[in-house]
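Before any comments, here is the structure.
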There are 2 protein chains.
Amino acid sequence: MAETPIRIGILGCANIARKVSRAMLLSPNTTISAIGSRSLEKAIAFASENHFPESTKKYGSYEAVLDDPDVDAVYVPLPTSLHLRWAVLAAEKKKHVLLEKPVALDVGELDRILEACESSGVQFMDATMWMHHPRTAKMKEILSDPHRFGQLKSVHSTFSYVGEGDFLQNDIRVNPTLDSLGVLGDAGWYSIRAILWAYDYELPKTVTAIGDPEYNESGVILSCGASLNWKDSGKVATFYCSFYTNLTMDITVLGTKGSLRVHDFVIPFNENVGPFYAVANSSWKELSLGCEPEPSEFKITTVLPQEALMVQEFGRLVQGINGGDAKPEKKWPTISRKTQAVIDAVVASIKNGFKPVEVVY
Amino acid sequence: MAETPIRIGILGCANIARKVSRAMLLSPNTTISAIGSRSLEKAIAFASENHFPESTKKYGSYEAVLDDPDVDAVYVPLPTSLHLRWAVLAAEKKKHVLLEKPVALDVGELDRILEACESSGVQFMDATMWMHHPRTAKMKEILSDPHRFGQLKSVHSTFSYVGEGDFLQNDIRVNPTLDSLGVLGDAGWYSIRAILWAYDYELPKTVTAIGDPEYNESGVILSCGASLNWKDSGKVATFYCSFYTNLTMDITVLGTKGSLRVHDFVIPFNENVGPFYAVANSSWKELSLGCEPEPSEFKITTVLPQEALMVQEFGRLVQGINGGDAKPEKKWPTISRKTQAVIDAVVASIKNGFKPVEVVY
């Protein structure tokens, strides 16, 4: 017998909420029961434009969503500086929390959110969509294979896209009072998560920012990078993120036996197929006139797009908890916190003149 | 009327000389007139195994090659620690010099080689083969196109391959008395060259080694990386080189309008075609449900392999000089020296606890 779909309330009409609300309608175990905006008219228009069910309640405040007993969980795509207030309040109202990234301005803020969730027994998950694509599991299968990959030694990841028009001055992502982490919190989040994912979430010992980041006139970071260091068996990683360079979404992972590359890890070029490239035991041809084998392309198809799979997984966990069978899954808050801890270390290293900073966790 | 082919003498029977001597036989403007080894028997066997012309003279010493008036130029694939002695002597004997990389143990040594070449009016060129593949020129054409690439902001390059068997202890590349630069001089050379090439040979202001390199028991580097910094418009680069990770030969270049990737830049998977991937003006699809366009594959064919094109270019320059029409081409010693200067800075940064080191030139 099918379980009752979980009823999600959305806080605000952020652009990303268009995509994620579509995912809620695609996911078989979720519905949108409410949307709240500071403007009721905006909430009504947003619900209409995005084909919400007739039954979705429209509110002129976020509080009203949190007070609605027909809301099981909330999706919070508000600017990062508002996460602490609204995610904590949502948890206190016993709503499960699907929180946009970056989840907080620093680990200290995130801890208050996570404590509120734990105290209320609600699920916390960040909205990092690519984690839920079946390609991600398939890539991990290869990275974990001692014959096809061996020991992981190096990861490099890039996520960049060009901030068009007045983006670099006025977009929410570069507004010092709304998203003061700039490109590091927005794009860097994904590359840091990719590095941690590849290393099975083993935190690096130190993080060293790479000079020199670029900033807008408000002092918000528009491009930066860092190296991560495990001080163990030569394991290293580097990343680069930018609002200045052409859309690039790369992970390159090198092991003692194999290597793996993906060029659209954040959002696949096409919704229903995720490609990646892997090769093992490469060697020179006679006289080094070439090398073989060439990398193979893997194409992982999915019926539901990755954001719908994310919502479905969130819904599944919430159903388990609300049905009384399960406790909140700790994996998701743990990897959010590790990702945020590395972001904090990058910020500290930049402030510290690009010196190595120990990752505090 | 075809010009007389230049007559090349080879110093030593290094493994790489098998490939490069084949290139000399493929190149229409070069012949192999002599080979010298410390063992005459080895020279004779090498000439036979590699199908040298009957006319090639075989010598039981390097000096004999340098003293042969029928030798116009020498190819020096000796261990790096021997470059200073033999390249200087070759130049003093008025032989043009095609020198294997890394060209020297440091810029100080290289300067003595370059001074000897300049003083004798002979051509100097390092044996970095991929510079001569037509793919390299085609990639540069795209990187230089303001519409297809825009302003260059970031380069990442990796060259690694697995040192099998006792390679990591006993190969010439990791012997502290023969090639003390280890993987940095061997594989790192290519990635550093790639970064400089992408940036039109504008030297970075500082180089910061990435912790922690791996070493063998003799203290020779087996894996390392660094970030390079131009302190101008956010221009950065990183590289990674290793004898521990699966064969990888990547350059990823990001510009304000385009991006470019190549996965076999050092030695193409296949001799006669060099692929690369480029894309410009990428953008999100509606609702960010994907992005477009996808990168396009470019396939640049070549009749002669890149190492034969290298030898042919060296031969062309030598013919011009020996014919009295031309002076030595300064581009080649200049970019060798810049590459070596960055290597020196990486070494200094490692010794200096991974602090930024200014690039001295």
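A, B, ... follow the sequence lines: proteins, then strands. Residue 1 opens every chain.
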Next on the checklist: Looking at every non-hydrogen atom in both residues, tell me the closest pair between B/Gly182 and B/Val220 and how far apart they are.
Outcome noted: CA-CG1, 3.4 Å

Checklist entry - So which of A/Pro293, A/Pro295, A/Pro305, A/Gly255 has the largest heavy-atom pair count under 4.5 angstrom toward chain B? => result A/Gly255

Checklist entry - Between A/Leu254, A/Ile210, A/Leu289, A/Leu228, which has the largest tally of heavy atom pairs under 4.5 Å with chain B? => result A/Leu289

Checklist entry - Sequence neighbours excluded, which residues qualify as side-chain contact (heavy atoms from CB on, under 4.5 Å) partners of B/Ala345? => result B/Val207, B/Val357, B/Val359

Next on the checklist: Once rounded to the nearest 0.5 Å, what's the spacing between atom CG of A/Leu309 and atom CG of A/Leu26?
Outcome noted: 9.5 Å

Next on the checklist: To check you understand the geometry: which heavy-atom pair defines the closest contact between B/Ile195 and B/Ala237, and what is its length?
Outcome noted: CG2-CB, 3.5 Å

Please tabulate, one pair per line, the donor and acceptor atoms of chain B and chain A that lie under 3.5 Å from each other, or say none if there are none.
residue	atom	partner	partner atom	Å
A/Arg18	NH2	B/Glu286	OE2	2.7
A/Lys19	NZ	B/Ser288	O	2.3
A/Lys153	NZ	B/Glu214	OE2	2.5
A/Gly211	O	B/Asn229	ND2	2.1
A/Glu214	OE2	B/Lys153	NZ	2.5
A/Asn229	ND2	B/Gly211	O	2.2
A/Asn246	N	B/Gly255	O	2.9
A/Asn246	OD1	B/Asn281	N	3.4
A/Asn246	OD1	B/Ser282	N	3.0
A/Asn246	ND2	B/Ser259	OG	3.2
A/Asn246	ND2	B/Ser282	OG	3.0
A/Asp250	OD1	B/Arg261	NE	3.4
A/Asp250	OD1	B/Arg261	NH2	2.8
A/Asp250	OD2	B/Arg261	NE	2.8
A/Asp250	OD2	B/Arg261	NH2	3.4
A/Gly255	O	B/Asn246	N	2.9
A/Ser259	OG	B/Asn246	ND2	3.2
A/Arg261	NE	B/Asp250	OD1	3.4
A/Arg261	NE	B/Asp250	OD2	2.8
A/Arg261	NE	B/His263	ND1	3.2
A/Arg261	NH2	B/Asp250	OD1	2.8
A/Arg261	NH2	B/Asp250	OD2	3.4
A/His263	ND1	B/Arg261	NE	3.2
A/Phe269	O	B/Lys285	NZ	2.9
A/Phe269	O	B/Cys291	N	3.3
A/Asn270	OD1	B/Lys285	NZ	3.0
A/Asn270	ND2	B/Glu294	OE2	2.8
A/Asn281	N	B/Asn246	OD1	3.4
A/Ser282	N	B/Asn246	OD1	3.0
A/Ser282	OG	B/Asn246	ND2	3.0
A/Lys285	NZ	B/Phe269	O	2.9
A/Lys285	NZ	B/Asn270	OD1	3.0
A/Glu286	OE2	B/Arg18	NH2	2.7
A/Ser288	O	B/Lys19	NZ	2.4
A/Cys291	N	B/Phe269	O	3.3
A/Glu294	OE2	B/Asn270	ND2	2.8

Checklist entry - Given side chains that start at C-beta, do those of B/Ile350 and B/Pro213 come closer than 4.5 Å, heavy atoms only? => result yes

Checklist outcome for this item: One should read off an interatomic distance between A/Leu222 CG and A/Phe167 CZ, to the nearest 0.5 angstrom, of 8.5 Å

Checklist entry - Which residue out of B/Leu152, B/Val162, B/Leu287 racks up the most heavy-atom pairs below 4.5 Å with chain A? => result B/Leu287

Next on the checklist: Let me confirm one number: the CZ-CG distance from A/Phe276 to A/Leu260, rounded to the nearest 0.5 Å.
Outcome noted: 5.5 Å

Checklist entry - What's the verdict on side chain to side chain contact (heavy atoms under 4.5 Å, CB included) for A/Phe52 and A/Phe46, showing C-alpha distance, side-chain angles and the deciding distance? => result CA-CA 8 Å; A/Phe52 285 14; A/Phe46 192 88; 3.8 Å; yes

Item to check | Portion of B/Val279 that has a non-hydrogen atom of chain A nearer than 4.5 angstrom | outcome: both

